[in-house]
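Contents: one structure, followed by commentary.
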Amino acid sequence: MLPGRDIISMMDLSREGIEEVVDLAGELEDERSGRLEGKLVALLFYEPSTRTRLSFEAASKMLGAETISIDSKEASSMAKGETLADTVRVVEGYCDLIVLRHPAEGSARMAAEFSGVPLINAGDGSNEHPTQTLLDLYTIWKWRGGLDGLTVTVAGDLRYGRTVHSLARALALFEDVTLTTVSPDNLRLPEDLVGQLDGLEVREGDDLEGAVESAEVLYLTRIQRERFADPEEYRKVAGSYRVMPELLEGRDLVLMHPLPRVDEISPEVDDMPQGRYFEQSANGVAVRKALLSLLLEDGDG
Ligand code: CP
């Protein structure tokens, strides 16, 4: 279903496409093979990353592919004024697939138009981060066996947090899912996005304690300091939510976070059975192995 395609937004994937990735991720968890031998993956990262960049690199190498990379604007010819479009036109001639992280919303969609090889959006500003969502869904799937009927509370910076934008779009593809949102008033889920979530029941609020009462998954996000034009506006909302052990004790829920965290989850929570964010992060390798395999299938990249 996926060979040769770009993965820019969760809108590019159907429920069946998500299930295909999740199923293959399960099969490839422990695989180290030459399945992608002869393939070359270009990692173009113009924003900081630990998990996404390294798990794409690990997934490529575990399946026998090689990687080339740019780690910052300053270390590339963009520092001399080269455009992203020209960079992509050049790099597509060196590789079979491009993974791009860039601070501008819409940059991945634009870049894909200049690329003759599949392009994966590894985060475009505040817009979307679809491969994070695929690993989030895989994590829930492993624990729960499916997504229909799920109740999720997302909390934190829902305005600038690209992971929750992709997650909300994905959850709308499943049956009877309820999404409760908790955020400071000025960091709510964008209205235009909420308007696109047909089939998903969305309940908006600002009370974290009340919202976890019925949640199976509490998905917390960092306040995205780097997206605020005015540092004073960031200071007003910094530290809005902090999960302490008392919030989770005795509750049958799973706490997830795309990471990195700043102060929104107390380290005391890390060893509680509800805290699944490091396991979630580890699942990124299996999911990216699956995605790379599906996109590079048939040997013609
Ligand atoms: N979750 C995530 O995208 O982490 P990185 O920014 O470290 O890649």
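We count ligands from 1, going down the list as the structure has it; atoms in each ligand are counted the same way. Positions are given from 1 along the sequence.
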Problem - Test log, rule side chain to side chain donor-acceptor pair (under 3.5 Å), inputs Gln280 and Asp136 - result: CA-CA 7 Å; Gln280 177 188 355; Asp136 296 340; 2.8 Å; yes
Problem - Salt-bridge contact Arg101-Glu128 (side-chain N to carboxylate O under 4.0 Å) - result: no
Exercise for the section: Decide whether His257 and Glu264 meet the rule of one side-chain donor and one side-chain acceptor closer than 3.5 Å. Expected result: yes
Handout entry: Side chains of Gln274 and Arg251, donor plus acceptor under 3.5 Å
Key = no
Completion exercise
Contacts for ligand 1, heavy atom under 4.0 Å, by chain and number, are Ser49, Thr50, Arg51, Thr52, Arg101, His129, Gln132, Pro258, Leu259
Problem - side chain to side chain donor-acceptor pair (under 3.5 Å) assessment of Arg203 paired with Thr181 - result: CA-CA 6 Å; Arg203 300 175 185 162; Thr181 67; over 6 Å; no
Exercise for the section: Answer yes when Asp157 and Arg188 have at least one side-chain N-carboxylate O distance shorter than 4.0 Å, and no when they do not. Expected result: no
